[in-house]
Amino acid sequence: MKESKNLRFYDTLTRRKRGFKPLKDGKVGMYVCGPTVYSDPHIGNFRSFIVGDLIRRWLEYRKYEVFYVMNITDIDDKTIRDSGREGVSLREFTDRYTRSFLKGIDLLNIKRATVYPKATENILEMIEFIQELIEKGLAYEASDGVYFDIDKFPGYGKLSRIELSAVKPTERVSSDEYGKESPNDFALWKAASDEELERGIFYDSPWGKGRPGWHIECSVMSKKYLGDTIDIHAGGEDLIFPHHENEIAQSEGLTGKTFVRFWMHIGYLMINGRKMSKSLGNYISFDEVLSKYTPNEFRYFYLSTHYRKQIDYTEEAMANAKNASKKLSNTIDLAEEAFKSGLERLEYGKREEEFLNGILGLKSDFEDAMDDDLDTPRALNTLHQMSKLINEYLSKPVNKGVLSEAYEIYRSLLGALGLFEKRTSFEGGLFEELIKVIIETREKLRSEKNYALSDKIRELLSKIGVILSDKPDGTSWTIERR
RNA sequence: GCCGGGUUGGCUGAGAGGUUUAGGCGGCUGCCUGCAGAGCAGCUUUAUGGGGGUUCGAAUCCCUCACCCGGCUCCA
């Protein structure tokens, strides 16, 4: 586990995979566009967060120190609109959905970002940033706010490769011009509306009372925590245009430096062949998924498709993920049972040597796959092969030292994907004693061939998540992983 | 209209000119088991959207057609 020379990521700007090396040796600054907290996040949103987590974990596996920033957009049209409809303060409203977002993050075993800056807590910095853009002649004040003048930024469109002259104007654009000089100019600062004034949702600025536009927060907060140039900026593919395009215009316009070294974009989550989105109303809530599947099964589902590809949520795909992930976790249980077992061999023979070589080879395959733009489908493949190797080795008495080495590798690779880290541990204590009593009692029943009752006990325990396995040398138990 | 991405066996999903039956799921058989589960062994006989072309040889390169998905200022 050290820095890889072969680590490469696909960069949207250059449209190709490039070798990754951070600006500062050993340290990576990364920024992922976070949620707008106006409702409970749906499982499509979480794809981005899981992939962000994946990038971060892999960099850490490769021994980089990662400073991870994810913004929380807590002031925008929708948060203002919906809190108003509900008749609660903006703050109360966004706090609620911020908590909901963080709850999902924890449930899915997504490692917390280093910092989650909120838009409303960085208003002063935004005002300064906008002021500088105006001074540089890149932005102008209009009757209803401040706009960025995209004609003044020659590189505009380089990320999305969009040619604005060819863009078919939509109704939205034409009906939404207000004080803009050009339809594609975007708002940096929006003058407060009557409703906003009434509800006290505004900030004082050199341009009167108002609030920031959406795009400015990312430029400002990433600069604040990560500096002018950041290594990685990731987000859903729907953000390429205009959000990220605008961020580039703002940041590079201001500093004259490269804003982002690697733009990484995440494919949509589809549902039955259609993009899942709140506005289409075809989304599945987070709670609904977690009532049917465990976080690990859900994560496995995400991992089974490469992050840049669109992934289709179907019951079939989920069943697939459920079974396949179970297979991987079974190996953990089998190995742990073997550690407890009295059967063992102490010698290091050909079987051990071949076994370990196989494991090491697969570990290297896994690393190659992940280094290649986080190819998780391929990485999972090597994990399945490794699982099989370990299971095979376990089918005969094992050398526990050798097993331990393989086990550690297997767990560390699973951990790099965020799989099966949270294990319900009931080892020791009263719980374990209780299970032992039950197993012994049941053993007695079985020796008396009272299978009806012993099967009933097994069935009832399985309903509460305690799985008994009868084997020739006794009965073992595990807790079903949630 | 303009710009991207995709089309591989029942499902999922690799491969990226000449090993691969990729792997997984599902299904089936055998072993093990009182049974179940898990596991092991094996089978499910090489599928690559259509049509051209390049090549000794293409799922992999080129052309073309078809279909699907997405973006074009709500959006992860």
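Given the structure is predicted, the values throughout are model-derived calculations rather than measurements. Side chains are part of it too, since the values below use all heavy atoms of this structure and drop only hydrogens, waters and symmetry mates. Below, chains carry the letters A, B, ... as their sequence lines are ordered, and counting in each starts from 1.
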### Query
If you check every side-chain atom of A:Gln385, which of B:G70, B:G24, B:G23 has the closest atom?
B:G23
### Task
Using the P atom as the reference point in each nucleotide, state the distance between B:G30 and B:C35 in Å, no decimals.
13 Å
### Message
Taking any heavy-atom pair under 4.0 Å as a contact, classify A:Asn320: base, sugar-phosphate, or nothing.
### Response
base
### Query
Rounding to the closest angstrom, what is the interatomic distance between B:G51 and B:A58 at atom P?
14 Å
### Task
Using side chain to side chain donor-acceptor pair (under 3.5 Å) as the criterion, point out the one residue from A:Arg161, A:His244, A:His265, A:Arg308 that pairs with A:Thr12.
A:His265
### Closest-nucleotide 5' rank along RNA chain B - winner of A:Tyr38 and A:Asp312
A:Asp312
### Message
What contact category does A:Ile467 fall into here, base, sugar-phosphate, or nothing, at under 4.0 angstrom with non-hydrogen atoms?
### Response
nothing
### Query
If only side-chain N and O atoms of A:Asn184 are considered, is one of them under 4.0 Å from the OP1 or OP2 phosphate oxygen of B:U73?
no
### Message
From CD of A:Glu237 over to P of B:U73, roughly how many Å is that when rounded to an integer?
### Response
16 Å
### Summary
Of the candidates B:U73, B:A36, B:A76, the side chain of A:Asn45 sits closest to B:A76
### Task
Side-chain contact test, heavy atoms from C-beta onward, threshold under 4.5 Å: evaluate it for A:Tyr116 versus A:Asn71 and give yes or no.
no
### Query
Taking only side-chain nitrogens and oxygens of A:Arg378, does any of them come within less than 4.0 Å of OP1 or OP2 of B:G15?
yes
### Distance, rounded to the nearest Å, where A:Ile311 contributes CD1 and B:G70 contributes P
16 Å
### Presence of salt bridge, A:Asp40 and A:Lys103, under 4.0 angstrom
no
### Message
Classify A:Gly235 by what it touches in the nucleic acid, base, sugar-phosphate, or nothing, heavy-atom distance under 4.0 Å.
### Response
sugar-phosphate
### Distance, C1' atom - from B:G6 to B:A59, rounded to whole angstrom
14 Å
### Query
Is A:Tyr451 stacked on the base of B:G34, with ring centres under 5.5 Å apart and planes under 30° apart?
yes
### Task
Quick one: label A:Tyr268 by what it contacts on the DNA or RNA (base, sugar-phosphate, nothing), any heavy atom closer than 4.0 Å.
base
### Task
Please work out if A:Met276 contacts a base, only the sugar-phosphate, or nothing of the nucleic acid, heavy-atom cut-off 4.0 Å.
base
### Query
With a non-hydrogen cut-off below 4.0 angstrom, is A:Ala317 in contact with a base, only sugar-phosphate, or nothing?
nothing
### Query
Could you state the CD-P distance from A:Glu337 to B:G37, rounded to the nearest angstrom?
16 Å
### Task
Pick the C1' atom in B:U45 and in B:C31, then give their distance to the nearest Å.
24 Å
### Message
Need to verify one output field. Residue with the more 5' nearest nucleotide on RNA chain B, A:Pro35 or A:Thr382?
### Response
A:Thr382
### Message
In whole Å, measure the gap between the C1' atoms of B:U55 and B:G18 for me.
### Response
11 Å
### Task
Scan A:Asp455 against the nucleic acid and name what it touches under 4.0 Å (heavy atoms): base, sugar-phosphate only, or nothing.
base
### Beyond-backbone contact of A:His215 with A:Pro242, side-chain heavy atoms, under 4.5 angstrom
yes
### Task
For nucleotides B:G49 and B:U44, find the distance between their C1' atoms and express it as a whole number of Å.
25 Å
### Summary
Among B:G24, B:G39, B:G70, the one nearest any side-chain atom of A:Lys275 is B:G70
### Task
Look at the side-chain N and O atoms of A:Thr305 and state whether any lies under 4.0 Å from the OP1 or OP2 oxygen of B:U12.
no
### Message
Measuring only between side-chain heavy atoms, which start at C-beta, is A:Pro41 closer than 4.5 Å to A:Phe46?
### Response
yes
### Message
Taking the minimum atom-to-atom distance to the side chain of A:Arg274, which one of B:C69, B:G15, B:A76 wins?
### Response
B:C69
### Query
Donor-acceptor pair under 3.5 Å: do we get one between A:Ser395's side chain and the base of B:G39?
no
### Distance in angstrom units between A:Lys388 NZ and B:G23 C1', rounded
10 Å
### Summary
Of B:C69, B:G24, B:A36, the nucleotide closest to the side chain of A:Gln310 is B:C69
### Query
Which value, in whole Å, describes the distance between the P atoms of nucleotides B:U33 and B:G24?
26 Å
### Task
Nearest whole angstrom, please: distance from the C1' of B:G37 to the CG of A:Asp470.
9 Å
### Query
Is A:Asp76 touching bases, backbone alone, or none of the nucleic acid, heavy atoms closer than 4.0 Å?
nothing
### Query
Where do A:Arg299 and A:Arg57 come nearest, in terms of heavy atoms and distance?
NH1-NE, 4.1 Å
### Query
What nucleotide, of B:G13, B:G26, B:G24, holds the atom closest to the side chain of A:Pro377?
B:G13
### Message
If you define the side chain from C-beta out and look only at heavy atoms, does anything of A:Thr79 sit under 4.5 Å from A:Tyr97?
### Response
no
#### Entry: Basic-acidic side-chain contact under 4.0 Å: A:Asp373, A:Arg378
no
### Query
Between B:A76, B:G4, B:C40, which one does the side chain of A:Ser48 approach most closely?
B:A76
#### Entry: B:U45 - base-pair partner by Watson-Crick or wobble geometry, distances under 3.5 Å
none
### Summary
Among the nucleotides B:U12, B:G37, B:A76, whichever has the atom closest to the side chain of A:Lys471 is B:G37
### Query
With distance as the sole criterion, do the side chain of A:Arg161 and the base of B:C72 form a donor-acceptor contact below 3.5 Å?
no
### Query
From B:G37, B:G34, B:G4, pick the nucleotide closest to the side chain of A:Arg446?
B:G34
### Query
To the nearest Å, how far apart are A:Arg458 CZ and B:A36 P?
9 Å
### Task
Between B:G39, B:A76, B:G34, spot the one nearest the side chain of A:Asn330, thanks.
B:G39
#### Entry: Nucleotide forming a Watson-Crick or wobble pair with B:C40, both distances under 3.5 Å
B:G30
### Task
Name the nucleic acid region contacted by A:Ile266, choosing base, sugar-phosphate or nothing; use a 4.0 angstrom heavy-atom cut-off, strictly under.
nothing
### Message
With a 4.0 Å cut-off on N to O distance, would you call A:Glu297 and A:Lys292 a salt bridge?
### Response
no
### Task
With heavy atoms under 4.0 Å as the rule, sort A:Lys327 into base, sugar-phosphate or nothing.
sugar-phosphate
### Interatomic distance at C1', B:G23 relative to B:G50, whole Å
29 Å
#### Entry: Partner nucleotide of B:G57 by Watson-Crick or wobble geometry (both distances under 3.5 Å)
none
### Task
State the pairing partner of B:A76; accept Watson-Crick or G-U wobble contacts with both distances under 3.5 Å, and report none otherwise.
none
